[in-house]
Q: 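Before we start, here is the structure in question, set down as structure tokens.
Indexing begins at 1, ligand by ligand and atom by atom, following the structure's order. Not measured: the values here are computed from a predicted model.
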Amino acid sequence: MSLKARLLSRRNFLMSGTAAIGAGAFFLYPDATLGSTGVAHNPLNIPALDTGSLQNGTRSFDLSVQTGQTEFFPGLKTPTLGINGSYLGPTLRMRSGENVRFNVANDLNEQTTLHWHGFELPATADGGPHQVIDPGTTWRPEFPIKQKASMFWYHSHLMGRTADQVWAGLAGMIIVDDESDELGLPDTYGVDDIPVVLQDRIFYRDGTMPYRLSMQGRMMGMIGNIALVNGTVAPYFEASTQLVRLRLLNGANASIYNLAFDDGRAFDLIGTDGGLLGAPVRTNSVRLAPGERVQIIVDMSKGGPAVLRNIPGGTGPSFNFLELRPAQNPASSQALPTKLADLPEISAASAVRTRNFLFEMAGMMGGFRINRKEMDINFINERVNVGETEIWKITNATMMMHPFHVHNTQFRILSRNGVPVRAGENGLKDTVLVSPRETVEILVRFDEYTDPDSPYMYHCHILEHEDDGMMGQFVVV
Ligand code: C2O
Ligand code: CU
Ligand code: CU
């Protein structure tokens with residue numbers, strides 16, 4: 001790469017979003033704070049791994065939701081929120097079939113909640129808008145892990161306040177293991193199995209990243225001009241092995257990322273939201289909406305460094321996220337298996353009914369709603385019978401893409417505009433992106449946990465849309 005090309009690609013870590021967002025004078029310019037050190041100059045932060053403590057078959061985790069200060073830029077302290085730390089939280093690791101308990105202490109001076117995104121669990125343990133944790137109190141949900149090996153996450157879900165609390169830092173990863181660890185996939189945390197929380201933020205000259213919604217932010221959601229990976233600005237990761245497994249989470253408020261490497265190299269998609277795919281899918285890019293996760297395997301044994309970028313095709317600014325640097329003498333990795341998980345066939349035959357969900361806007365300037373209704377915490381929108389398979393037909397009548405997320409289930413995508421989905425989209429999902437004028441059909445079932453009084457949520461995972469009303473409630477009976 002020529003020096004100029006190199007500088008340009010370095011600048012990309014920070015710069016390209018600024019013009020699109022405008023009002024540049026208020027933003028913290030990278031030139032001013034980073035000097036001539038260039039970008040991709042920070043080692044990627046790997047969130048602490050927390051395996052809790054196992055007692056009488058229950059694994060418990062102590063979590064404190066707290067305020068803090070985070071040094072994203074040298075010498076500048078940014079006020080943030082975090083879990084057991086100043087920004088984001090530890091990666092919680094547990095095993096399928098175990099019982100878990102979380103002791104969530106709210107050490108903020110405002111209310112919060114913590115939601116376990118992607119898990120099947122009793123509604124009262126879900127951590128949604130109904131499980132408010134008052135300041136100074138501790139919430140202790142407990143449930144068995146029904147999910148297969150994958151990556152999940154936890155985040156604030158406070159009614160009307162999810163967007164600003166997540167923006168400030170209230171989110172973290174969860175890794176679930178199961179017998180698939182015999183497949184020989186890279187699985188050494190922080191070495192060849194890397195958590196990658198993708199976000200973008202807007203920083204001001206004084207280092208603050210306040211949550212301030214403009215008109216455009218109200219419509220599109222808060223989209224930043226600076227990329228963060230696990231809270232690291234302009235990160236690199238030094239790979240020591242041939243194969244590297246990246247567990248990618250779109251933890252942004254609103255940006256839809258279309259991810260690819262700068263050299264166009266192919267990689268293997270091995271898992272989606274709730275588990276491994278049937279077989280690896282070779283691809284050059286993957287689109288990830290807020291809330292969605294994928295696991296990919298990148299071959300670092302040839303081709304030099306590779307920069308993971310957001311390319312056109314989503315909505316976020318086109319910046320670089322993470323530079324992977326290969327080792328001189330990489331440790332060899334086991335070959336990728338050709339078969340991963342056993343997934344039941346996707347078949348509409350078992351569905352007993354179809355339920356319709358229409359995304360629309362009440363007017364030109366917002367009013368996001370589903371089926372003509374804005375979220376009302378005192379209203380149950382849907383009652384679903386336990387154990388019955390249903391088709392949920394989601395139609396997007398707006399001009400924007402919306403990621404539809406359903407609590408308490410891992411579903412399958414049946415079709416997009418009537419066409420069965422391609423490999424790579426046919427795995428376990430809890431969030432699905434719906435494009436303008438698109439109808440997506442998903443196959444949904446809730447296997448247990450009936451409770452006529454405590455609802456679960458379904459909603460758009462663009463957090464500004466969720467907070468603005470694009471959410472509904474269902475009970476399982
Ligand atoms: Cu990731 Cu209802 O949330
Ligand atoms: Cu969720
Ligand atoms: Cu939306």
Q: Looking only at N, O or S atoms, find the one in His402 nearest to the Cu ion (ligand 3) and name it.
A: ND1
Q: Hey, which N, O or S atom on His465 ends up closest to the Cu ion (ligand 3)?
A: ND1
Q: Please check if the distance between the ring centroids of His459 and His402 is under 6.0 Å.
A: no
Q: When you measure from the Cu ion (ligand 2) to each N, O or S atom of His115, which atom gives the shortest distance?
A: NE2
Q: Mind checking whether the Cu ion (ligand 3) has an N, O or S of Cys460 under 2.8 Å?
A: yes
Q: Please confirm whether the ring centroid of Tyr449 lies under 6.0 Å from the ring centroid of Tyr456.
A: no
Q: Under a 3.5 Å cutoff, is there a donor and acceptor pairing between the side chains of Gln66 and Asp107?
A: no
Q: Strictly under 2.8 Å, is atom 2 (Cu) of ligand 1 approached by any N, O or S atom of His157?
A: yes
Q: Show your reasoning for whether side-chain hydrogen bond (donor to acceptor under 3.5 Å, both in side chains) applies to Thr162 and Glu466.
A: CA-CA 8 Å; Thr162 299; Glu466 173 195 327; 3.1 Å; yes
Q: Quick check: does His407 put an N/O/S atom under 2.8 Å from atom 2 (Cu) of ligand 1?
A: yes
Q: Strictly under 2.8 Å, is any N, O or S atom of His117 next to the Cu ion (ligand 2)?
A: no
Q: Of the backbone and side-chain N, O or S atoms of His459, does one lie nearer to atom 2 (Cu) of ligand 1 than 2.8 Å?
A: yes
Q: Does Lys393 qualify as a cation-pi partner of Phe357, given the criterion of NZ or CZ under 6.0 Å from the six-membered ring centre and within 45 degrees of its axis?
A: no
Q: Would you say Arg93 has more than 12 foreign heavy atoms packed within less than 6.0 Å of its CZ?
A: yes
